[in-house]
Amino acid sequence: MATDHVDVLIVGAGLSGIGAACHLRRDCPEKTYAVLEARDAIGGTWDLFRYPGVRSDSDMFTLGYSFAPWTDPKAIADGDAIRDYVRRTAREYGVTDHIRFRHRVVRAEWDSERARWTVHAHRDDTAETVELTCSFLFACSGYYRYDAGYAPQFAGAQRYAGRIVHPQHWPEDLDHTGKRVVVIGSGATAVTLVPAMAERAAHVTMLQRSPTYVMALPSRDVLADALRRWLPAKAAYPVVRWKNVLLATANFQLSRRAPALVKRLLLRAARSRLPAGYDVDRHFSPRYDPWDQRLCVVPDGDLFAALRTGRASVVTDTVDTFTERGIRLSSGAELTADVVVTATGLNLLALGGMTLAVDGAEVDLAGTVAYKGMMLTGVPNLAMTIGYTNASWTLKADLVAGYVCRLLRHLDRTGQQVVTPLPPPDGELSPIIDLTAGYVLRSVDTLPKQGARAPWRLHQNYPRDVLLMRHGRLTDSGVRFSHAGTPQRRTVRA
Ligand SMILES: Cc1cc2nc3c(=O)[nH]c(=O)nc-3n(C[C@H](O)[C@H](O)[C@H](O)COP(=O)(O)OP(=O)(O)OC[C@H]3O[C@@H](n4cnc5c(N)ncnc54)[C@H](O)[C@@H]3O)c2cc1C
């Protein structure tokens, strides 16, 4: 078996992987690279999810790449438009030809003597295992399992005569026209599905155990529309991007400092879009503070509009059992349904499920600490992309890719080959994702940690990260640069 070698091996051809490859083309054109993608398509999330109405819930001026202006009129965009944008960018930067599809990376082994990773990928189509080596491994594999969404076991589900579907595996043949639909869930997917399905269904009920904050935003950006009339896209784009970054940062900071005020404002805004007397407290007032969990955005208030017309409704209750005809609730009420959509979430997965070994020792991910939110203590020449939870994913993905290019250039300049993050000297460790959402809490024990202070602490703050990652020093006390042949010391804290 021939073993190919590249300077940088990117895992995943979603928004982040394509972005990483474009950054390499721009900033390190002399580096060789390949992208290994488990599926047979570009786009990741935006290719996988095909449920009705699938769209972003952050604006595309910040979910788009810093270097590729978003020119579509819609700021909150449909899944298809995002997928096309990612594919187009890959084509324009000549990345598409570097992607090896149907290569699922299962393991990577670091050898300090040679300063190389040996990467093992499984081909699901031919059942072969392919081996490549690389000097730097860049995991852009997203944050959840692709093969199975989170689907809790509901009592009685086997006797239900209708159809149960999960948004992650939407059946092409499902026609919900004229059907009674129940969507179980209250997150971004549920609030997207409900108004989209209500256009053709007889009725859609959103069945939620507990409410989420829902905020209406315009689907078009007034400033972008105005600027684009006068300026070329390349000039208008960064202005709108920074305007949206600053608004989102201010919104998050205000939520953290004055949660009661933000809660009041959100509920007042919801009330103004719903019929008089609607029980906003029961259905739209969560028990937690804004941004303890991700806030749901609805473009032009489409969810509220569907509730106003009566084509959709919200029920806040829990499933007691499925029956032949629908769902019996803990309150005793029954919802009749032809189709039940379990918008119950994702299963988190770090590094696309690949295992790591450094000089023969297995890496326990939960025992590592994230350095600048993108590298792992004790693991040389590896970066991973985990986007923001309180802002658009790509803002962070862009910074990470830019930082990796800076690191690679620094290594070349100094004649060194290896960069390894060191553990924080002291301070409490906490989960790398500090949301209280169920999908985070279910998996948090398997994920890397973060430290108490920079550079091991994530600030979830883009302007601050721009200073740290685009302009900050590469050589701080949290990282060691070395030559090939330098053995890795034990760097995981006891
Ligand atoms: C329905 C939905 C809506 C979302 N909306 C938003 C939004 O509006 N704003 C926002 O900021 N974020 C949103 N997110 C988060 C979203 O995932 C990110 O915005 C972004 O798409 C992540 O891109 P990515 O490339 O990092 O990961 P992904 O899109 O998950 O792509 C990862 C790629 O890596 C591949 N891969 C994984 N493991 C391996 C492996 N072991 N070997 C080879 N290939 C592998 C996958 O097949 C996939 O193609 C949303 C997520 C979901 C599920």
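We number each residue from 1, following the sequence as shown. One-based numbering, in listed order, for ligands and for the atoms of each. Just the heavy atoms: all of them, side chains too, but no hydrogens, waters or symmetry mates, feed the values below. Just so you know, these numbers come straight off a predicted model, no measurement behind them.
The closest approach between any non-hydrogen atom of Glu37 and ligand 1 is below 4.0 Å. At least one heavy atom of His103 sits less than 4.0 Å from an atom of ligand 1.
Closest approach of Ala383 and Val404 over heavy atoms only: CB-CG2, 3.6 Å.
Partners of Tyr388 according to the ring pair (Phe, Tyr, Trp, His ring centres under 6.0 Å) rule, which considers only residues two or more places apart in sequence or in another chain, do not exist here.
Around the CZ atom of Arg209, the shell of radius 6.0 Å holds no more than 12 heavy atoms that belong to other residues, nucleotides or ligands.
Residue Tyr51 places no N or O, backbone or side chain, under 3.5 Å from any N or O of ligand 1. Inclusion of Val105 in the set of residues having an N or O under 3.5 Å from an N or O of ligand 1 is warranted. Taking only nitrogen or oxygen atoms, main chain and side chain alike, Val11 does not reach within less than 3.5 Å of ligand 1. Below 3.5 Å of separation, one finds no N or O of Thr189 facing any N or O of ligand 1.
Comparing Gly12, Ser58, Ser56 by heavy-atom distance to atom 9 (N) of ligand 1, the nearest is Ser58.
Thr62 and Asn244 share no donor-acceptor pair across their side chains, judged by distance under 3.5 Å alone. Trp291 and Asn251 form a side-chain donor-acceptor contact under 3.5 Å, judged by distance and modelled atom types alone.
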